[in-house]
Number of protein chains: 2
Amino acid sequence: MADYEKIKQNVTNGPATIADIAKLAGVSPVTVSRAINTPHLVKPRTLEAIERVIAKTGYVPNLLAGGLASRKTRLIAAIVPSVASTIFAETIEGLNAELVSAGYQLLLGLSGYDASRELELTRAILARRPDGIILTGITHLKETRAMLTGAGLPIVEIWDSTPSPLDTAVGFSHAAVGSLVAGHLLIRGYDRYAQIGANDPRAVQRRDGFVDRLKGIAEVELPELEMNSPSTFRDGRVAMAQLLDKGEGSLGVFCSSDVVAHGALAEAHARGCKMPDDLAIIGFGDFDFAPHTHPPLTTVRIDRRDIGTKAARSILRKIDGDENVEAMINIDFHIVARGTA
Amino acid sequence: MADYEKIKQNVTNGPATIADIAKLAGVSPVTVSRAINTPHLVKPRTLEAIERVIAKTGYVPNLLAGGLASRKTRLIAAIVPSVASTIFAETIEGLNAELVSAGYQLLLGLSGYDASRELELTRAILARRPDGIILTGITHLKETRAMLTGAGLPIVEIWDSTPSPLDTAVGFSHAAVGSLVAGHLLIRGYDRYAQIGANDPRAVQRRDGFVDRLKGIAEVELPELEMNSPSTFRDGRVAMAQLLDKGEGSLGVFCSSDVVAHGALAEAHARGCKMPDDLAIIGFGDFDFAPHTHPPLTTVRIDRRDIGTKAARSILRKIDGDENVEAMINIDFHIVARGTA
DNA sequence: CGAAGGAATGGAAGCGCTTTCATTGTATCT
DNA sequence: AGATACAATGAAAGCGCTTCCATTCCTTCG
């Protein structure tokens, strides 16, 4: 009963603290701290008593105080362009699953494909002193880079590849993807080649890889259309209409995402194009709907979740002081040939 | 140069602190704190000097320390079942946009439709002392409820409606959705009615609303299929096959999500069903692809982003001490009639 | 049985801020 | 010029924990 009174009193003074628990359990605050963080250092009987008090009071340790004192927050921050655009959602799930199982929490920032917003987010995130940070892509403002390297925490860049990451990177070469797609189309052979794409750095790299592979073989047509990332179904449809209106002959098209490809496909379908003979379409991402379009979409498949999982593992190893984490971890990709190419 | 030395020295002692900035700017730490948080209380000349030092050193305030001292973290936590399943992604984007513009940050938890994981997440989140918390749905373990109400912070439950929220709720009645859909099918009139659905609380409510509306008119068939949330394209396809194999006559089907409906649609399409005469399919969510299926999918539309926006506004108002926040904020929904019903 | 050594616990200091209250500076008024 | 008021700044305490070091308690061994 006396216990109960004290607990009740605490409620009025805000949440219970480690000192309250210590008093109720008849030990010192340090012992409570140990019971929570390093229980093997506490005698079983004492431990049990403390745990009982914690359960009874519903005590939840204050990680702000803990983090401040220990300089470890068990927080990992991740900045991705968007979460609504499918492409990064699974990466986040993979990341989160891995982090949670290691006792970490994910702090998410959405940059909207905007470098200066990435900078602001980085600042706001660093203010919370995460134990590590994950960024999407390898192109950042120089202020962002400076701030990041100055903060001296593990960094993982995801969804791209580079020989010189800020710290560690997990991804793949977008130029290689573009090149692979061009090769695939080349085997069949088309009169014209085109690319429909957004303007984010990675989509641009894929386009460049595509164009490079076709250099000297064919000119790659690029619809004149302002397509801001994330690009939409409509973008794809409009761009495809433009392409189809503009010229004759069979056409091989590489789209910067499956969503865009789906739009392009819809336009082609409406016009009765024969795929893949008159027209080939290759998307990117292998989204859920890709096998179910008409005809089913040929696309580039990447294990999006795996990027998250591997990024999490890398950063956790770094946090644990492992010096042997590879600077560049490559993720596989391949073409899933279905009905459109 | 002396400045530079001191800064450099700091780097070796970990990141600069407010005391370092104060020393370099020739003021006391309190003044630096004010320059950052309440600049109008600082004389312009002093302010400028401090800002110059901050810029030069790249100082980033430690929000752990700040939060500990002020008992305000400028953190809002949100627990959603998943981020990969489209349905909540836009809600998160809306939430995030609104929070960021108010100077708050979003801490995301993924429960995977699992109540006990929700409890663990709640504990972990509360340990960071967020200024508010957002939960998906209105069914929680009683330990979760107890912990939440004991923490004494603003709570918003989203994606469902209830006369008695924990604190505030933003959503709609899933039973009403089910009923609306049944009404829509009833006007056309089918020989058989069925529901294909996942087992999460909200999908179940939609089913019950659907069944209730048809009570006394028709028996609702429910495919015998274990469908765990989030349900998949494949679930829908298999369930539809079962339904089609099992009986004769025209069929009206309500699916628990557009993804499931898409799968059901694929099966129906493959069998050459005439829609919407022989078979009607109504989905839920109005996902991006819904207008582009064959035939285009009839579905229930909800402004998913708006739920996030309104939830953020509610919680921010609560934090600001506004007592007049409505306990239940209703979100509109309606049927988008396209080709499948 | 006393010494030695490890297990278990506690005291004190400090993490980097904000809050409260006190002090100093500066302008305004009579 | 002195009183008054407010603007601007600073000193001290404390937020709730962890870390470091010291102390106490057992157990074990010669």
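Order of the sequence lines fixes the chain letters, A, B, ..., with proteins taken first and strands second; residue numbering starts at 1 for each chain.
Note: CG (B/L64) to C1' (C/dT18) measures 14 Å, nearest angstrom. In this structure, A/L47 places its CG atom 11 Å from P of C/dA8, rounding to the nearest Å. As a whole-Å value, the separation of A/K23 NZ from D/dC17 C1' is 16 Å. Rounding to whole angstrom units, CZ of residue B/R45 and P of D/dT9 are separated by 10 Å. Distance A/I36 CD1 to D/dG16 C1': 11 Å, rounded to the nearest Å. One can place NZ of B/K72 at 19 Å from P of D/dG14, the figure rounded to the nearest angstrom. Following rounding to the nearest Å, A/L41 (CG) and D/dT19 (P) show an atom-to-atom distance of 11 Å. Here C/dT19 presents its P atom at 11 Å from CD1 of B/I18, a figure rounded to the nearest Å.
Separating the OG atom in A/S28 from the CD1 atom in A/I18 is a distance of 9.0 Å, to the nearest 0.5 Å. One finds the CD atom of B/E326 at 5.5 Å from the CZ atom of B/R317 (value rounded to the nearest 0.5 Å).
A search for salt bridge (Lys or Arg N to Asp or Glu O under 4.0 Å) contacts involving B/R145 returns nothing, not counting sequence neighbours. Legend: residues meeting salt bridge (Lys or Arg N to Asp or Glu O under 4.0 Å) with B/R34, ordered by chain and number and at least two apart, are absent. With sequence neighbours excluded, the residues that form a ring pair (Phe, Tyr, Trp, His ring centres under 6.0 Å) with B/F88 are B/W159. With sequence neighbours excluded, the residues satisfying side-chain contact (heavy atoms from CB on, under 4.5 Å) with B/D200 are B/Y113, B/A198, B/R202, B/A203, B/S229. Qualifying salt bridge (Lys or Arg N to Asp or Glu O under 4.0 Å) partners for A/R117, counting only residues two or more places apart in sequence or in other chains: none. Residues satisfying the salt bridge (Lys or Arg N to Asp or Glu O under 4.0 Å) criterion with A/D160, sequence neighbours excluded, are absent altogether.
Residue pairs that meet the ring-ring contact (aromatic ring centres under 6.0 Å, His included) test with at least one member in residues 37-56 of chain A, sequence neighbours left out, do not exist here.
Taken over five-pair windows at either terminus, the axes of the helix from C/dC1-D/dG30 to C/dT30-D/dA1 are inclined to one another by 40° (rounded to 10 degrees).
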Donor-acceptor list for residues 100-107 of chain A side chains, cut-off 3.5 Å, not counting sequence neighbours:
from: A/S101; atom 1: OG; to: A/E98; atom 2: O; distance (Å): 3.1
from: A/Q105; atom 1: OE1; to: B/R128; atom 2: NE; distance (Å): 3.0
from: A/Q105; atom 1: OE1; to: B/R128; atom 2: NH2; distance (Å): 3.4

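The two residues A/D322 and A/N324 make their nearest non-hydrogen contact at OD1-N, 2.7 Å. Nearest heavy-atom pair across A/A84 and B/A89 is CA-CB, 3.7 Å.
Within a heavy-atom distance below 4.0 Å of DNA chain D, the residues of residues 25-33 of chain A found are A/V30, A/S33.
In this structure, the side chains of B/V27 and B/I50 come closer than 4.5 Å at one or more pairs of heavy atoms.
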Task: Contact letters for nucleotides 21-28 of chain D, in which S counts primed atoms plus P, OP1 and OP2 and B counts the base, heavy atoms under 4.0 Å - done: --------
Dump the pairs, protein N or O against N or O of nucleotides 13-15 of chain C, anything under 3.5 Å, distances to one decimal.
from: C/dC15; atom 1: O3'; to: A/R71; atom 2: NH2; distance (Å): 3.2
from: C/dC15; atom 1: O2; to: A/A69; atom 2: N; distance (Å): 3.4

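Within the 4.0 Å cut-off from OP1 or OP2 of D/dG16, not a single side-chain nitrogen or oxygen of A/Y59 is found.
Using modelled atom types and a 3.5 Å distance limit, the side chains of A/E93 and B/S82 yield a donor-acceptor pair.
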